[in-house]
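Labels below follow one simple rule: chain letters A, B, ... track the order of the sequence lines, proteins then strands, and each chain is numbered from 1. None of the values given here were measured: they were computed from a predicted structure.
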Protein chains: 2
Amino acid sequence: MSITREKIIELGEDLIRTKGYNAFSYQDISSELGIKNAAIHYYFPSKENLGTSIVKTNIQRFEEMAENMKSRGFDEWHQLETFIKIYTKSHREQKRCIVGSLGPDINSLSENTVAELRRISELILKWLTATLTSGREKGLFAFNEEPQIKALLILSSLVASLQLARLIDKIEYKSFCNAILEDLRM
Amino acid sequence: MSITREKIIELGEDLIRTKGYNAFSYQDISSELGIKNAAIHYYFPSKENLGTSIVKTNIQRFEEMAENMKSRGFDEWHQLETFIKIYTKSHREQKRCIVGSLGPDINSLSENTVAELRRISELILKWLTATLTSGREKGLFAFNEEPQIKALLILSSLVASLQLARLIDKIEYKSFCNAILEDLRM
DNA sequence: AAATATACTTACTAATAAGTAAGTTTGCAA
DNA sequence: TTGCAAACTTACTTATTAGTAAGTATATTT
């Protein structure tokens, strides 16, 4: 795999998560990487193409993380904790998550990109639902809602909190994330 | 006040909430209203200007709603229920809320627009925190978290759920909103 | 050594964007 | 009736955008 290609994907993701999809251009990437505009088109013929590839990369990354936690034998509490760390890291880096960044733009994104965005959203929600279900069965979590509803509550809290935290300074992000976990304690 | 001006604001808000700030243009508005591009510039010299005015309109609307509920003597439960109805309505109309729409774009918005966006976010969070605090004091709500944390949990859930609901069809939005309320029941 | 594929650059096109300056119509006031 | 302000339109500029076609240097294969 090409290093340039990887750098484009990495920088493109950063730009989506800081500026937003419709606010970044191929120029932003090319000038940063010291290459020409057309070089990006060489790897990603269209912006839609790049957007889709970036979401696909995120899907792969999430799948690898979930796989990794499973194979290492993390219990459900530990898995959820690790998942939430993705968001505290994003918060530290002043970035939003890919779903929260692209979500508001679905009416101006291509079909392919939206399809991948749906895939990752469903994937995460499914994983979270499954984790909550088995965690509750094992007596690790306590909650009254349907697992799917609870998963959606947690996920949407995390997604939007990254946005709100950038708008309201006085938010203590760590205690916010802690509250999500503590709410599940037996 | 001019009718055209009001129509521009209304349509502009719709466009922000469906396509996103950086995806809509003055052309989208002018063609829809049957006027020329420059007519919009007559009322709003710059796009930044229009954006800021739209957020200001939202602030006014929220303040009027809060005022109205107070003067009508709604109890805290009823107030929260009414507040959540804003989101079920948005969901029905396939729109996101203004905070969730503009939030991801703060790095490509003007200072003035960001300032107003901060104002409305803080306003809503403050109102929600106060409502939760007095509601719990009166024995209408039950929750263990700090009111501000709980307010942020609820608000971020609502904001992002509008995005996620557009991505994942199988979400039952009403039961999701219900879960938020039920979670607070004594 | 010749041919070919990779990884680009140069140089451009066409479309669309925000924004502006100057002119026009319409209603109202002096 | 003239003057003036409000509410636009016409016609334009400038900047930026995604995207492309054709060329070039370098490395690799045949």
Side-chain angles (χ1 to χ4, degrees), chain A residues 1-16 18-56 101-102 104-114 116-117, chain B residues 1-55 57 101-102 104-114 116:
Chain A
M1 261 260 245
S2 160
I3 290 173
T4 304
R5 198 192 128 97
E6 276 173 26
K7 276 186 185 167
I8 294 169
I9 289 230
E10 197 183 319
L11 196 56
E13 184 185 321
D14 275 4
L15 287 163
I16 288 175
T18 49
K19 296 180 75 174
Y21 181 82
N22 289 301
F24 93 89
S25 72
Y26 273 26
Q27 243 74 22
D28 291 330
I29 295 176
S30 59
S31 63
E32 176 76 28
L33 295 186
I35 55 176
K36 296 294 157 179
N37 213 338
I40 309 174
H41 282 284
Y42 170 72
Y43 290 103
F44 305 98
S46 69
K47 199 181 176 186
E48 149 189 358
N49 213 294
L50 175 57
T52 308
S53 297
I54 289 169
V55 182
K56 275 184 176 162
S101 303
L102 291 177
D105 295 325
I106 47 168
N107 287 324
S108 63
L109 293 173
S110 79
E111 272 184 41
N112 286 328
T113 310
V114 173
E116 292 304 314
L117 196 58
Chain B
M1 263 260 242
S2 159
I3 290 173
T4 304
R5 200 193 128 95
E6 278 173 24
K7 277 186 184 168
I8 294 168
I9 290 228
E10 197 184 319
L11 196 56
E13 184 185 321
D14 275 5
L15 286 164
I16 288 174
R17 293 172 62 195
T18 48
K19 295 180 73 173
Y21 181 81
N22 290 303
F24 92 88
S25 72
Y26 273 27
Q27 244 75 21
D28 291 329
I29 295 177
S30 59
S31 63
E32 176 78 27
L33 295 185
I35 56 177
K36 295 294 155 180
N37 213 339
I40 308 175
H41 282 284
Y42 171 73
Y43 290 102
F44 304 97
S46 68
K47 199 182 176 185
E48 149 190 357
N49 213 294
L50 174 58
T52 308
S53 297
I54 288 169
V55 182
T57 305
S101 303
L102 291 178
D105 296 326
I106 49 169
N107 287 325
S108 62
L109 293 173
S110 79
E111 273 186 40
N112 286 328
T113 310
V114 173
E116 292 304 314

- Message: Rounded to whole Å, how long is the line connecting atom OH of Y43(A) with atom C1' of dG19(D)?
- Response: 18 Å
- Note on the structure: In numerical order, the residues of residues 24-33 of chain A whose heavy atoms come under 4.0 Å of DNA chain D are F24(A), S25(A), Y26(A)
- Query: Which atom pair, heavy atoms only, marks the closest approach of E48(B) to T113(B)?
  - Reply: O-OG1, 3.4 Å
- Message: Using whole Å, what does the distance between atom P of nucleotide dA6(D) and atom CZ of R5(B) come to?
- Response: 14 Å
- Task: Mind running side chain to side chain contact (heavy atoms under 4.5 Å, CB included) on L50(B) and Y26(B) for me, showing each step along the way?
- Result: CA-CA 10 Å; L50(B) 174 58; Y26(B) 273 27; 3.9 Å; yes
- Grab the two heavy atoms, one from T18(B) and one from N107(A), that are nearest each other, plus how far apart they are. O-ND2, 2.8 Å
- Nearest-Å distance, CG (N37(A)) to C1' (dA18(D))? 8 Å
- Report yes if at least one side-chain N or O of K36(B) is closer than 4.0 Å to OP1 or OP2 of dC8(D); otherwise report no. no
- Whole-Å distance between dA18(D) P and I40(A) CD1? 9 Å
- Query: How would you give the extent of chain A contacts on DNA chain C, as first and last nucleotide 5' to 3' within a 4.0 Å heavy-atom cut-off?
  - Reply: dT6(C) to dT10(C)
- Query: Can the positive tip of K47(B) be found less than 6.0 Å from the middle of the six-membered ring of Y21(B), inside 45° of the ring normal?
  - Reply: yes
Protein N or O to nucleotides 23-26 of chain D N or O, pairs below 3.5 Å:
none

- Query: Rounded to the nearest 0.5 Å, what separation is found between the CG atom of L33(B) and the CD1 atom of I3(B)?
  - Reply: 12.0 Å
- Message: Is it true that Y43(B) and S2(B) share a donor-acceptor pair across their side chains at a distance under 3.5 Å?
- Response: yes
